[in-house]
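The block underneath contains the structure these notes are about, expressed in structure tokens.
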2 protein chains.
Amino acid sequence: MLRLSKLTDYAVVVLIRLSHGEAVQTSPGIAAGIGLPEPTVAKVLKALAYSGLVSSQRGARGGYRLARALSAIPITDVVAAIDGPIALTACVEGSGAGCEAECTCPVRGRWDLVNDAVRQALARITLADMDRSAPRAHARAAAQQPDALALTLISAE
Amino acid sequence: MLRLSKLTDYAVVVLIRLSHGEAVQTSPGIAAGIGLPEPTVAKVLKALAYSGLVSSQRGARGGYRLARALSAIPITDVVAAIDGPIALTACVEGSGAGCEAECTCPVRGRWDLVNDAVRQALARITLADMDRSAPRAHARAAAQQPDALALTLISAE
DNA sequence: AGCAATCAGGACTTCTGCGGTCCGATTACA
DNA sequence: TGTAATCGGACCGCAGAAGTCCTGATTGCT
Ligand code: SF4
Ligand code: SF4
């Protein structure tokens with residue numbers, strides 16, 4: 001159904017939750033705040049910390065803290081942190097495993113266009129746009145960006 | 001890894017293969033032409049026929065035939081035919097199953113923005129753009145379309 | 001220094017749904 | 001009318017995701 005993993009969904013929720021209230025929040029605290037199982041939230045936070053989206057503080061009175069502002073985190077970063085790089089099919093650049101029918105496939109390599117289109121669509125939306133309790137400042141800025149997808153299509157071959 | 005199902009990938013390959021050579025082609029014939037297991041190709045063709053992307057002809061001398069031109073089939077149609085409607089998360093409109101944390105979630109409903117962005121990115125690319133042996137006529141046309149994503153973001157709320 | 005709280009990392013189990021396979025229904029052709 | 005070719009839908013196994021748990025390392029507080 002072309003759905004992204006549940007963990008990625010949770011990551012967005014967790015990050016937005018982190019932007020509310022206290023600056024540094026603990027893993028069980030966040031889990032309780034959004035009514036999600038604590039171990040799962042912890043797993044998400046670890047992945048986010050590993051990729052540098054949040055900074056962690058160990059020990060008593062520790063917790064997690066946002067590393068950047070919400071408006072500086074595009075959706076692609078969250079997806080990349082949890083699910084790894086965006087690779088719609090096996091033959092796009094970056095996905096190690098190759099397709100077995102790669103030699104005879106008449107579409108070999110063409111998926112890169114679609115892949116980039118999706119990547120750019122996701123890169124234009126930041127977490128600030130996802131927050132229900134924030135103004136829509138960023139959206140207007142996005143409207144002034146050129147249509148990068150079309151440029152990609154034209155430049156291709 | 002935000003990847004779409006293998007079947008969808010195969011569907012694109014099959015459709016493009018169908019646009020080459022004979023107008024009506026049989027399921028094993030196509031499978032042999034692209035070196036993919038025959039039952040799998042047959043399954044893909046069935047799904048495509050069910051959703052009207054190809055028309056089927058039963059009986060001897062039967063087979064499958066393209067229902068429309070490649071340039072009239074956006075990627076979204078292929079995805080919808082195989083994987084069902086595009087629904088990145090559980091809480092987007094159209095996905096029957098709801099999320100359990102839906103009442104307390106601070107992102108509830110915001111995924112629609114991302115969902116539409118991806119959908120529109122995929123809708124702008126047709127199978128004709130994926131064919132390696134075809135001219136890139138459509139790409140230039142896409143460049144002249146307005147940036148629908150930004151408009152969506154602005155109009156939201 | 002001792003203690004309690006918290007994160008880090010990995011191993012393990014469960015389960016959905018994708019990928020692959022099969023046999024019966026249908027239709028043109030001789 | 002018989003036959004062969006082909007589509008249609010139902011079936012099952014398995015990889016990968018989702019979720020859980022445990023042990024060890026680190027740090028603030030008393
Ligand atoms: S080579 Fe062809 S069949 Fe293989 S992943 Fe790429 S598009 Fe799909
Ligand atoms: S309601 Fe929140 S947690 Fe549930 S699917 Fe939607 S965004 Fe994700």
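The basis for the numbers below is simple: all heavy atoms, side chains too, and nothing from hydrogens, waters or symmetry mates. Just so it is clear, the structure is predicted and the values come from calculations on it, not from any experiment. Letters A, B, ... mirror the listed sequences (proteins, then strands); counts begin at 1.
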Output the distance between atom CG (B:Leu48) and atom CD1 (B:Ile73), rounded to the nearest 0.5 Å.
-> 8.5 Å
Would you kindly give the [atom1]-to-[atom2] distance between [X] and [N], to the nearest whole Å?
| X | N | atom1 | atom2 | value |
| --- | --- | --- | --- | --- |
| A:Lys43 | C:dG9 | NZ | P | 14 Å |
| B:Leu7 | C:dT21 | CG | P | 12 Å |
| B:Asp9 | C:dC18 | CG | C1' | 14 Å |
| B:Ile82 | C:dG20 | CD1 | C1' | 14 Å |

Answer yes or no: is there a side-chain heavy-atom contact under 4.5 Å between [X] and [Y]?
| X | Y | value |
| --- | --- | --- |
| A:Val12 | B:Trp111 | yes |
| A:Arg124 | A:Asp129 | no |
| B:Val114 | A:Met130 | yes |
| B:Val13 | A:Pro106 | yes |
| B:Thr89 | B:Val107 | no |

If you look at every heavy atom in A:Asp83 and A:Ser5, which pair is closest and at what distance?
->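 Looking at all heavy atoms of both residues, the shortest contact is OD1-OG, 2.8 Å.
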Residues within residues 21-30 of chain A bordering DNA chain C, heavy-atom distance below 4.0 Å | A:Thr26, A:Ser27
5' to 3' on DNA chain D, which nucleotides open and close the contacts with chain A (atom under 4.0 Å from a heavy atom)?
->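 Nucleotide range in contact with chain A: D:dA18 to D:dG28.
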According to a strict under-4.0 Å criterion, is A:Tyr50 in side-chain N/O contact with OP1 or OP2 of C:dG10?
-> no
Between A:Ala60 and A:Asp83, who's closer to the 5' end of DNA chain D by nearest nucleotide?
-> A:Asp83
Pairwise 5' ranking along DNA chain D for A:Tyr10 and B:Gly62, keeping only the more 5' one |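 The residue mapped nearer the 5' terminus is B:Gly62.
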Electrostatic pair A:Lys6:A:Asp9 at N-O distance under 4.0 angstrom =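 No, no charged N to carboxylate O under 4.0 Å.
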What nucleic acid atoms does [X] come within less than 4.0 Å of, heavy atoms only: base, sugar-phosphate, or nothing?
| X | value |
| --- | --- |
| B:Pro39 | base |
| A:Leu45 | nothing |
| B:Lys6 | sugar-phosphate |

Return yes when atom CZ of A:Arg61 has more than 12 non-hydrogen atoms of other residues, nucleotides or ligands closer than 6.0 Å, and no otherwise.
-> no
Closest-nucleotide 5' rank along DNA chain C - winner of B:Lys46 and A:Arg61 | A:Arg61
